[in-house]
There are 2 protein chains.
Amino acid sequence: MEKIDKLRFLMKETGVDLIVLSPGANLNWLLGLNPHADERPLLFFLTLSNSAFLMPELEAESARQHTDINFYNWTDASGPLQAIDQLLTDLKGFSSRTIVIDDTMRADHAAIVQDKLLNATRLFTASTIGTLRMKKNEGEQRTLRINANQADIAMESAWNMIAPGITEEEVALAIQNSFSNQEASPQFSIVASGFNSAFPHHQTGSRVLKEGDVIVIDLGGKFEGYASDITRMATLGSPPKDYTLVHQIVDDAVQAALAAALPGETAKNVDKAARDVIEKAGYGDFFVHRTGHGLGSEIHEPPFITSTSETILEAGMVFSIEPGIYMPDKFGVRLEEIVILKEDGPEILSKLSRKLKVIN
Amino acid sequence: MEKIDKLRFLMKETGVDLIVLSPGANLNWLLGLNPHADERPLLFFLTLSNSAFLMPELEAESARQHTDINFYNWTDASGPLQAIDQLLTDLKGFSSRTIVIDDTMRADHAAIVQDKLLNATRLFTASTIGTLRMKKNEGEQRTLRINANQADIAMESAWNMIAPGITEEEVALAIQNSFSNQEASPQFSIVASGFNSAFPHHQTGSRVLKEGDVIVIDLGGKFEGYASDITRMATLGSPPKDYTLVHQIVDDAVQAALAAALPGETAKNVDKAARDVIEKAGYGDFFVHRTGHGLGSEIHEPPFITSTSETILEAGMVFSIEPGIYMPDKFGVRLEEIVILKEDGPEILSKLSRKLKVIN
């Protein structure tokens, strides 16, 4: 079944009358379109029987090269309000009882839609398109494997750069160059050294690496529209006191989550498996985030592996398992695998060991 | 006066009770903070007398290094709803009659705020913080001049790359490398060749340049938090029939807009000056966008130079003047200057001539 048919089937099942998307992962997944996005609303409207674009005049000629869907153009002079009125009239959108808005749509664009449909119940894409995007087909899985391999290579480039006197930013640059050299686009590169390793989303900066540093490296790129994401641990010289113990606990948590991840299980059970290991070891207060997130065309997408998620895991879903322990003013440890869920359990995409990389 | 005092003065003047910002240009302008942004709502709340952050637990330790403002933390397990209730109670936000939401906030995050304050009138940042950001101080102007100089150098790198057999993407890569080499981050690089030049926001692709091509190059980077933006025209060999005439009309339109841009004038008069030139020459239907946009920490920000904008221009404002003529299946011409408005008129930041660059 085509993606658009699947989506309309879901709309019918869930009583959704209208879906409105902005340029981004959902539109690209649905139509393979990636139009220019800026402060001018460019929105795709989908009903059970029809579809149309609200289109800034200056984008129309270019967008027309990629789609035959009807455009309702508006100019910088007129603004979008008349065009959206005509569009909603023609698509019978004004009678919508339930609408779905793209999660990542700009708030000012979403307001234009919502103000026209004040009586409609408003949902977001995470609970509609998001659920369709969770299961990856064979082609998507292949692309994600290629991405994972690129990320492994980028991680090795980072390790090769680590030395006393080098800054976090210089290691990050090595990661970005590695992705670029592989024709992937670098997406993020967290290099968190010393005390910074205790910040899960440390903003990579000018700190200079030195002997004894614990270094969290969490990186990802995009290739052919899909993403990678991996976290590994390194130290410059011997790890500090307690490090080996904490690393082992985090790795045990990864293994427990991997063992729990089976089709038919809930996402929250996978989170629980990892969390139980860390809590039993006495470090529960230092595991300050969910166990994982889906990965696909977005770096974070459903399914989310949280302690409250009732999502039932299915073969074909792709997600991270990435427990961590973060001890302020000491150090942090996170280990992250991306897995494709198979009938008999998770396939780990990275070929890199989760062992500590000691750099001398 | 501090930015936050200026903003509160404006809030009082305009009857705004609460401003809610997400990570991005407005928050960075106001507080110099650039926290990690993802699908977890991280929001800054400002009232006339108080302020606070809604803060994902895993970001809190890192964000705390940069600010003393109160945090209302929430975890991946609990979600943000209880924390936002407590925050709004403590800040007396529930009695807000008028609230301002960040334009670029994700729609799902904005919904969390709006659903708590259903009876409040909702405005967006463009009409509040946006108006404060329009006038750039001396330091900002200096940084924008540096950015403009970097963009000139990137434009010359692009011209040096142009040759028969080279793709648009290869020219774009030269632009990106030029910015990177200048320690700026590349933001966009439109290389629109041949018929593609008739698309104002052409998506740079694999088209191979050949003799006789018209090439629009529109590029920008960011350095020290501020942006650049410039458009120039090149041809590979002799320009096609009519090109020289159309180029001259666009340049005349630029000059007319430059002459009209004076403190005290409306933005729409500047647009009209450019548009009149193009309309009188008989090409009005092919000028499909506004004459310009503000430039600062965002590439597009107020003031917008449109045919309907009543914004009164003031010394210190920074904006583009960029009329264009786009003839489908033929070619397009756009010339773009960034100017700082001075008491006696615009200061053009680029040192590059607007003449056609003929590459042989």
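Residue numbers begin at 1 in each chain, while the letters A, B, ... track the order of the sequences.
Contacts of B:Phe188 with chain A are absent, with no heavy-atom separation under 4.5 Å from either backbone or side chain. Contacts between B:Asp103 and chain A at a heavy-atom distance below 4.5 Å involve backbone atoms as well as side-chain atoms. With a threshold of 4.5 angstrom between heavy atoms, B:Ala111 approaches chain A through its backbone and through its side chain. Of the two parts of B:Thr75, neither the backbone nor the side chain holds a non-hydrogen atom closer than 4.5 Å to a non-hydrogen atom of chain A. Looking at A:Phe304, only its side chain comes within 4.5 Å of chain B, counting heavy atoms on both sides.
Contact count against chain B (heavy-atom pairs under 4.5 Å) is highest for A:Leu58 among A:Asp271, A:Val288, A:Leu58. Of the listed residues (B:Ala192, B:Ala110, B:Ala107), the greatest number of heavy-atom pairs within a distance under 4.5 Å of chain A belongs to B:Ala107. Among B:Ile299, B:Asp115, B:Asn196, B:Leu173, the residue making the largest number of heavy-atom pairs under 4.5 Å with chain A is B:Asp115. Contact tally against chain A (heavy-atom pairs below 4.5 Å) for B:Lys268, B:Glu301, B:Gln114, B:His300: the top residue is B:His300. Interface remark: of the candidates B:Ser22, B:Ser307, B:Ala77, B:Ala77 forms the most heavy-atom pairs closer than 4.5 Å to chain A. Per-residue counts of heavy-atom pairs under 4.5 Å with chain B were compared for A:His109, A:Glu59, A:Glu298; the largest is that of A:Glu59. Between chain A and the options B:Met105, B:Glu39, B:Glu57, B:His289, the largest number of non-hydrogen pairs under 4.5 Å is found for B:Glu39.
Shown here is A:Asp285, whose CG atom has no more than 12 heavy atoms of other residues, nucleotides or ligands within 6.0 Å. Within a 6.0 Å sphere centred on CD of B:Glu279, other residues, nucleotides and ligands contribute more than 12 heavy atoms. Residue-environment remark: NZ (B:Lys272) stays at or below the threshold of 12 foreign heavy atoms within 6.0 Å.
Minimum interatomic distance between A:Asp76 and B:Thr308 (heavy atoms only, all atoms of both residues): O-OG1, 4.4 Å. In this structure, B:Gln203 and A:Asn34 approach most closely via the heavy-atom pair NE2-O, 2.5 Å.
A:Asp102 has no carboxylate O lying under 4.0 Å from a charged side-chain N of B:Arg106, or vice versa, which leaves the two without a salt bridge. Between A:Lys330 and B:Glu61, no side-chain nitrogen of the basic residue sits less than 4.0 Å from a carboxylate oxygen of the acidic one, so the salt-bridge criterion is not met.
Once rounded to the nearest 0.5 Å, the distance linking CG of B:Asp108 with OG1 of A:Thr125 reads 7.5 Å.
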Check the pair A:Phe199, B:Gln65 against side chain to side chain contact (heavy atoms under 4.5 Å, CB included), reporting the backbone distance first and the verdict last. CA-CA 10 Å; A:Phe199 306 139; B:Gln65 312 301 306; 3.4 Å; yes
